[in-house]
Amino acid sequence: MNIMITGAVGQLGRDLLRVLGQGYTYTAFTGKELDICDLKAVKKIVGEVKPDVVIHAAAYSKADQAEEAIEQAYRLHALGVSHLAIAAEAAGAKLVHVSTDYVFDGTKGKPCGGLDRTIPLNVYGQSKLLGEQFVHAVCPRHFIVRTSLLSSNDGVNFVTKILSLAENQETVKGVDDPLGSPAYTLDLAECIGRLITTERYGTYHVSSSYGPDSFRSERRYSV
Ligand SMILES: NC(=O)c1ccc[n+]([C@@H]2O[C@H](COP(=O)([O-])OP(=O)(O)OC[C@H]3O[C@@H](n4cnc5c(N)ncnc54)[C@H](OP(=O)(O)O)[C@@H]3O)[C@@H](O)[C@H]2O)c1
């Protein structure tokens, strides 16, 4: 299977390379190598790579800052995603689109299912939802993978921020009202690796389960 990956140096991108690089041929692109907002470039690269699967892990992932960077968020999350969907469909490739729990308003009080009504409350969630809708409309062979609170070994994320604060401060202060289901990027990459071998297209909600075996996967890859 020939896989094309966007967001190669992002948190998830790096772990996709670690996990999928063990069994598949892949070509991965940083934002400099392929700007997904450039339709011509996307079509050219996808035409050259001829992927069986496109995994789209690039995003403007600073959810709070998206409120100010509205145009950038919509360009990347809606327009850019539509470009990838058009090119993937033309190449006959499956498309994995990584999305977010921000498509929901967070009022349910228990885990949301794929059929729950989407009510995004901010620019990040609205723009990511629009991207999902393009994927639905253009590329029937898709996996929309909604995830939340990503953490990885080599990114800047909630876990690394708290660890760094704890190292440097006697007391760490934080808000205690947000609720979420954190996902470890190696777990997510493994899950995507399993999905792409199937034809079970649709929308998935993926987070990690934390138990005695948590972070076991760390040992199987050179991180
Ligand atoms: N982080 C979270 O907590 C979280 C939660 C839920 C869902 N998600 C979703 O999970 C996915 C992966 O997130 P992440 O945390 O791994 O993101 P990340 O670490 O911020 O990486 C995103 C990557 O996107 C690339 N990018 C930005 N603009 C681009 C463009 N115009 N064209 C091509 N690439 C571009 C950047 O590449 P360069 O640096 O090379 O420019 C960056 O490395 C995203 O879809 C995100 O929305 C993330």
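For ligands, and for the atoms within them, numbers begin at 1 and follow the listed sequence.
Nearest non-hydrogen protein atom to atom 20 (O) of ligand 1 is S61 OG, 2.5 Å. The shortest contact between atom 21 (O) of ligand 1 and any protein heavy atom is with G10 CA, 3.2 Å. Protein heavy atom nearest atom 19 (O) of ligand 1, with residue, atom name and distance: Q11 N, 2.9 Å. Nearest to atom 32 (N) of ligand 1 among the protein's heavy atoms is I36 N, 3.1 Å. The protein atom (non-hydrogen) at minimum distance from atom 11 (C) of ligand 1 is V98 CG1, 3.6 Å. Closest to atom 26 (N) of ligand 1 among all protein heavy atoms lies A58 CB, 3.9 Å.
Side-chain atoms of Y102 and N122, non-hydrogen and from C-beta on, do get closer than 4.5 Å to each other.
Of all the heavy atoms of A57, the ones lying under 4.0 Å from any atom of ligand 1 belong exclusively to the backbone. Only the backbone of S99 comes within 4.0 Å of ligand 1, counting heavy atoms alone; no side-chain atom from C-beta on gets that close. Neither the backbone nor the side chain of N157 comes within contact range of ligand 1; no heavy atom lies under 4.0 Å. Only the backbone of S148 comes within 4.0 Å of ligand 1, judged by heavy-atom distances. At a heavy-atom distance under 4.0 Å, no atom of D101 approaches ligand 1. Of all the heavy atoms of R146, none lies under 4.0 Å from any atom of ligand 1, so neither backbone nor side chain is involved.
Of all the atoms in ligand 1, the ones that sit under 4.0 Å from a non-hydrogen atom of L149 are 3 (O), 5 (C). Each of the atoms 6 (C), 7 (C) of ligand 1 lies under 4.0 Å from some heavy atom of T147. Residue-ligand proximity, D35 to ligand 1, at heavy-atom distances under 4.0 Å covers atoms 30 (C), 31 (N), 32 (N). Per-residue contacts place L150 under 4.0 angstrom from the following atoms of ligand 1 (heavy atoms of the residue considered): 1 (N), 2 (C), 3 (O), 4 (C), 10 (O), 12 (C), 13 (O), 15 (O), 48 (C). For ligand 1, the atoms sitting less than 4.0 Å from at least one non-hydrogen atom of L12 are 12 (C), 16 (O), numbered in the order shown with element in parentheses.
Heavy-atom distances between K62 and ligand 1 stay at or above 4.0 Å for every pair. Note on ligand 1: Y124 sits in its first shell, one or more heavy atoms being nearer than 4.0 Å. Within the structure, the closest approach of T6 to ligand 1 does not fall below 4.0 Å when heavy atoms are considered.
The structure places NZ of K128 at 5.0 Å from OG of S99, a figure rounded to the nearest 0.5 Å. Atom CD1 of I196 sits about 5.0 Å away from atom OH of Y24, to the nearest 0.5 Å. Atom CD1 of I5 and atom CG of L16 lie 5.0 Å apart (nearest 0.5 Å).
Counting only residues at least two apart or on different chains, the side-chain hydrogen bond (donor to acceptor under 3.5 Å, both in side chains) pairs with a member in residues 44-61 are T6-H56, K44-E48.
For A73, the side-chain contact (heavy atoms from CB on, under 4.5 Å) partners at least two apart in sequence or on another chain are A66, H77, V123, S127.
No donor-acceptor pair under 3.5 Å is formed between the side chain of T118 and the backbone N or O of F104. No donor-acceptor pair under 3.5 Å is formed between the side chain of D187 and the backbone N or O of A183. No donor-acceptor pair closer than 3.5 Å links the side chain of R146 to the backbone N or O of T100.
Under the 4.0 Å distance rule, the nearest protein heavy atom to atom 4 (C) of ligand 1 falls inside the cut-off.
Residues H136 and H142 place their aromatic rings such that the two centres sit under 6.0 Å apart.
Of the polar atoms of T100, none of the N or O atoms is found under 3.5 Å from an N or O of ligand 1, judged by distance alone. Inclusion of A59 in the set of residues having an N or O under 3.5 Å from an N or O of ligand 1 is warranted.
For the residue pair D15 / T185, a side-chain donor-acceptor distance below 3.5 Å is found, with atom types taken as modelled.
Between A183, P182, G31, G131, it is G31 that holds the heavy atom closest to atom 37 (O) of ligand 1.
With a 6.0 Å radius and a threshold of 12 heavy atoms from other residues, nucleotides or ligands, K62 has its NZ atom at or below the threshold.
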